[in-house]
Each structure stands twice: as C-alpha cells, then as structure tokens.
Trainee: 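Handing you this structure, nothing more for now.
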There are 2 protein chains.
Amino acid sequence: MSALVVVDPDDPTPPFEQVRRQLADLIAVGRLAAGDRVPPLRQLAGDLGLAVGTVARAYRELEAAGLLESRRGGGTRVTRSARPVTDDRRTRIDELAASYVARARALGADDRVVGEAVQRLLG
Amino acid sequence: MSALVVVDPDDPTPPFEQVRRQLADLIAVGRLAAGDRVPPLRQLAGDLGLAVGTVARAYRELEAAGLLESRRGGGTRVTRSARPVTDDRRTRIDELAASYVARARALGADDRVVGEAVQRLLG
DNA sequence: CGGTTTGTGTCAATGCTTTAACACAAACCG
DNA sequence: CGGTTTGTGTTAAAGCATTGACACAAACCG
C-alpha cells in the first residue's frame with residue numbers, strides 16, 4: 001500500500017512543495033505516464049492530512065509548468081505532450097545546473113565526476 | 001573560489017534548512033572532517049546574504065544533532081565523534097545529479113539540453 | 001434532465017521564518 | 001591585562017504557508 005506521495009512533517013520544506021516535487025519526479029521518471037490521472041484534490045488532501053488548498057497549489061504549479069492538466073469535474077491528468085523549451089525555462093535550467101555543479105564541487109568532486117554523474121542518467 | 005554552501009532563492013525550502021542540509025552532507029561525506037572549523041556566523045551570513053540568526057539556527061540544529069560544537073569566541077567546529085559515512089560521497093553526488101536531471105526534465109527540457117547546461121559550466 | 005464529482009476561488013486566523021539591530025558572554029590573541 | 005572575535009539571545013516587524021470553511025463552476029454519469 002505504498003502511497004503515491006508522502007509528506008514528512010519533520011521536513012521544514014512546505015508541504016505543497018514536497019507534493020509538487022514528488023509528483024514532478026514521478027512524471028519525469030515515467031512512473032506517472034502521459035494521460036494518467038492523479039488523485040482528486042480532496043482525496044489526496046485527506047490521505048496526506050493536508051488542506052485542499054495546499055494540494056491545489058501543488059497541482060496548480062505543476063499545471064503552470066506544463067506537467068498536469070486540470071478540468072473541473074474531470075479530474076487532473078498528466079499532460080500528453082511536453083512543451084517546447086522556452087527562454088524562461090532555459091534560464092531556469094541553467095540555474096538548476098549551476099546549483100548542482102556548485103553543490104557537487106562542494107562535496108569534493110572534480111569536474112569529470114560531476115559531468116559523468118549527469119551523463120550516466122541521460123544515456 | 002568555491003563556495004562552501006549555496007542557497008537557492010527559488011527553492012521554497014527555508015534557507016536555514018538549505019544550509020543545515022548542505023553542511024550535514026559535507027560532514028557525512030568527509031569534506032568537512034572532525035575538528036575542521038566552519039565559517040564564523042557573520043562571515044557565512046554575509047556571503048550568503050542571510051541574517052546572522054538564520055545561519056545561527058542551522059549551526060544550532062547541527063549542534064543538537066551532535067555534528068557541530070560551538071564555543072563563544074572559539075568558533076564552531078565539526079565534532080570528533082561525527083564520522084563520515086565511508087565513501088558514500090559517490091552516492092551523494094549521484095543523488096544530486098538525479099535531483100537536477102529530474103527537475104530539469106520536469107521543466108520540459110530534453111536530455112540534450114539538460115546535459116549541455118552542465119557541460120557549459122565545466123569548461 | 002438532475003445529482004455528483006471535481007477543480008477553483010475567497011476569506012480570516014494562525015503559525016513559522018526571516019530580517020535587522022542591538023546587547024551580552026565567553027574564548028581568543030597580542 | 002585589554003581589545004577583538006565569535007557565539008548567543010532578544011525584540012518587533014514583515015512576509016509566506018497553511019488551515020478550515022464556504023461558495024461557485026464545470027465536467028461527469030445514471
């Protein structure tokens with residue numbers, strides 16, 4: 001009975017962000033495929049012990065990112081096709097990359113290792 | 001000029017928690033060895049653009065966890081009993097890389113873009 | 001058609017985090 | 001010793017996340 005998503009009360013990360021990240025990861029990894037339905041707001045909120053608005057925010061941000069599509073009465077589903085990379089997204093990706101490189105270097109990794117760790121995941 | 005720690009302003013995770021996690025990682029991985037000194041509160045706060053109290057909280061929680069020891073006037077150092085988990089540095093870097101790739105993909109980037117963003121930073 | 005499901009929106013109240021400025025205490029160092 | 005460094009603690013103000021309750025809108029289904 002592994003729940004789709006879990007919220008860690010000891011993690012200071014805001015619950016809406018925990019949910020958002022986990023769903024984004026599930027989609028990125030393919031565990032949630034295009035067209036798959038995500039739990040209704042009230043159901044997921046009830047399961048996690050969160051307010052409806054909190055889960056709604058996670059869905060809303062994922063929809064803004066092009067990962068989910070919501071329809072009143074129709075539920076929320078994973079988007080069929082991924083959006084093209086816009087300029088905004090490009091700069092955001094650069095920021096994520098810079099953060100990763102900085103943190104990996106801080107752990108003592110040399111640049112070769114830093115690059116390989118990513119390439120290994122990209123095939 | 002590799003920064004010891006970095007804070008991501010776009011990450012809803014509270015800054016004190018970002019700092020706390022990264023320092024815990026550095027210690028767990030052995031990049032910060034037992035007895036090593038951590039930057040003075042005011043210095044790290046200045047570098048990161050945070051208030052002194054914010055960094056102080058990160059240090060305080062790490063001390064409560066037994067990872068750091070603070071002395072007024074004497075600075076803050078890694079506890080002797082805090083031992084690095086042997087060679088899970090590689091694992092930790094892989095986790096960081098996986099997180100970056102997942103987040104970048106979630107933004108709609110294809111794998112080529114994800115890889116290039118990193119390579120651009122590594123020269 | 002009509003009832004149900006589901007997402008959206010509002011609102012005030014509450015709590016947590018951060019900030020800035022300041023005072024204080026203890027260890028360091030010349 | 002005396003000045004400096006450094007960690008600790010306080011305060012008030014501001015911002016943000018969450019909650020719970022409620023109303024509304026649109027899609028679904030029998």
Side-chain angles (χ1 to χ4, degrees), chain A residues 3-24 27 32 35-80, chain B residues 4-24 27 32 35-80 82:
Chain A
L4 185 70
V5 185
V6 185
V7 151
D8 181 1
D10 295 335
D11 191 340
T13 303
F16 86 88
E17 173 67 9
Q18 293 188 40
V19 173
R20 206 217 88 245
R21 270 187 203 167
Q22 289 178 54
L23 287 178
I27 294 170
L32 283 177
D36 280 358
R37 187 167 177 190
V38 149
L41 288 179
R42 292 167 181 77
Q43 178 182 317
L44 186 54
D47 289 350
L48 299 178
L50 300 176
V52 175
T54 305
V55 178
R57 174 162 182 188
Y59 283 13
R60 191 194 323 145
E61 301 209 351
L62 287 167
E63 186 171 20
L67 288 174
L68 292 181
E69 277 176 343
S70 295
R71 283 182 307 180
R72 286 176 175 169
T76 303
R77 295 171 183 277
V78 178
T79 306
R80 291 282 173 190
Chain B
L4 185 70
V5 184
V6 183
V7 287
D8 181 358
D10 294 335
D11 191 342
T13 303
F16 85 87
E17 174 67 7
Q18 293 188 39
V19 173
R20 205 217 89 245
R21 269 187 203 164
Q22 289 177 54
L23 288 177
I27 294 170
L32 285 177
D36 280 358
R37 186 166 177 191
V38 148
L41 289 179
R42 292 167 180 79
Q43 178 184 317
L44 186 53
D47 289 350
L48 298 178
L50 301 176
V52 175
T54 305
V55 178
R57 175 163 180 186
Y59 283 12
R60 191 195 323 146
E61 301 209 350
L62 287 167
E63 186 171 22
L67 290 176
L68 292 181
E69 277 176 344
S70 295
R71 281 180 307 180
R72 286 177 176 169
T76 303
R77 294 170 183 278
V78 178
T79 309
R80 285 184 227 152

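Residue numbering restarts at 1 for every chain, and letters A, B, ... go by the order of the sequence lines. Predicted, not measured: the structure shown is a model, and the values here were computed from it.
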Trainee: A:Y59 OH to C:dG9 P: how many Å, rounded?
Mentor: 16 Å

Trainee: Taking side-chain contact (heavy atoms from CB on, under 4.5 Å) as the test, write out the residues that go with A:P15, two or more places apart.
Mentor: A:L50, A:T54

Trainee: Decide yes or no for B:I27 and B:D36: does some side-chain heavy atom of the first lie under 4.5 Å from some side-chain heavy atom of the second?
Mentor: no

Trainee: Is the closest side-chain heavy-atom distance between B:R21 and A:T13 below 4.5 Å?
Mentor: yes

Trainee: What pattern of brackets, bars and dots sums up DNA chain D from 5' to 3', given Watson-Crick or G-U wobble pairs under 3.5 Å, [ ] for crossing pairs and | for another strand?
Mentor: ||||||||||||||||||||||||||||||

Trainee: With nearest nucleotide decided by heavy atoms, which residue, B:R71 or A:G53, maps closer to the 5′ end of DNA chain D?
Mentor: B:R71

Trainee: If you assign B:G74 and B:A51 each to the DNA chain C nucleotide with the nearest heavy atom, which residue ends up on the more 5' nucleotide?
Mentor: B:A51

Trainee: Distance check needed: C:dA23 P versus B:R72 CZ, whole Å only.
Mentor: 16 Å

Trainee: Please find the earliest and latest nucleotides of DNA chain D, in the 5' to 3' direction, that have an atom within less than 4.0 Å of any heavy atom of chain B.
Mentor: D:dT5 to D:dT8

Trainee: Quick one: on DNA chain D, does A:F16 or A:R42 contact a more 5' nucleotide (nearest heavy atom)?
Mentor: A:F16

Trainee: Answer with base, sugar-phosphate or nothing: what part of the nucleic acid does A:R57 contact at a heavy-atom distance below 4.0 Å?
Mentor: sugar-phosphate

Trainee: What's the spacing between A:D8 CG and A:Q22 CD if we round to 0.5 Å?
Mentor: 9.5 Å

Trainee: Side chains of A:L41 and A:T76, heavy atoms from C-beta outward: is any pair under 4.5 Å?
Mentor: no

Trainee: Respond yes when some side-chain nitrogen or oxygen of B:T54 is under 4.0 Å from OP1 or OP2 of C:dT19, and no when none is.
Mentor: yes

Trainee: State, to 0.1 Å, how close B:V7 and B:L48 come at their nearest heavy-atom pair, and which atoms those are.
Mentor: CG2-O, 3.9 Å

Trainee: Contact class for B:P12 vs. all strands (heavy atom < 4.0 Å): base, sugar-phosphate, or nothing?
Mentor: nothing

Trainee: Relative to the 5' end of DNA chain C, which residue comes earlier, B:E17 or A:R37, by the nucleotide with the nearest heavy atom?
Mentor: A:R37

Trainee: Within the structure shown, what part of the strands sits under 4.0 Å from A:Q18 by heavy-atom distance: base, sugar-phosphate, or nothing?
Mentor: nothing

Trainee: Are any of the side-chain heavy atoms of A:V78 and A:L67 separated by less than 4.5 Å?
Mentor: no

Trainee: So does A:R20 pair up with A:E17, basic N to acidic O under 4.0 Å?
Mentor: yes

